[in-house]
Amino acid sequence: MSDSINERTNTNVDLISTPEKLDRVANLIAEGEFPFPTDIPPDQQTILAAEVRKRRHQRLVKFICRLIAKELHQPKSPLKGGTKNEKIQIRSSIPVQGRDLFENE
């Protein structure tokens, strides 16, 4: 009976016993799919926290890079600060009842 109690209380102790387990658990925690274990020794918590921090930092940098790349590759609209030529081309292609909307500008 005491063995089953020890097994239940020490379930998280073996979470980061190998580099593969550490990698897997750190990924799961960084993605929010697994709670950070509080019942492991403080030295293991420090190691795990550093790995989780590294993965979250990498995810944040990738996210920001994707946003910047998306912004750079989208065509500019006149409302978002496109070039003057782009504004002229867009304005000259808007007909209003047979005449140009911006004809008097």
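The analysis underlying the following values was restricted to heavy atoms, covering all of them including side chains, and did not include hydrogens, waters or symmetry mates.
Looking at residues two or more places apart in sequence or on another chain, you find a side-chain contact (heavy atoms from CB on, under 4.5 Å) between Ala50 and Arg53. Contacts of Thr18 classified as side-chain contact (heavy atoms from CB on, under 4.5 Å), with partners at least two apart in sequence or in another chain: Glu20, Lys21. Listed by chain and number, the residues in a side-chain contact (heavy atoms from CB on, under 4.5 Å) with Ile68 are Ile64, Leu72 (sequence neighbours excluded).
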Show me the donor-acceptor pairs, under 3.5 Å and distance only, between side chains in residues 23-34 and residues at least two apart or in other chains.
from	atom 1	to	atom 2	distance (Å)
Asp23	OD1	Arg55	NH2	2.3
Asn27	OD1	Arg55	NE	2.8
Asn27	ND2	Asp23	O	3.2

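Between Ile40 atom CD1 and Ile16 atom CD1 the span is 4.5 Å, to the nearest 0.5 Å. Taking NZ of Lys70 as the reference point, atom NE2 of His73 lies at 12.5 Å (rounded to 0.5 Å). For the atom pair OG of Ser17 and CD of Gln44, the computed distance is 8.0 Å after rounding to the nearest 0.5 Å.
What you find for Gln45 and Thr38 is that their closest heavy atoms are NE2-O, 3.0 Å.
Within the structure, no pair that satisfies the salt bridge (Lys or Arg N to Asp or Glu O under 4.0 Å) test touches residues 58-68, not counting sequence neighbours.
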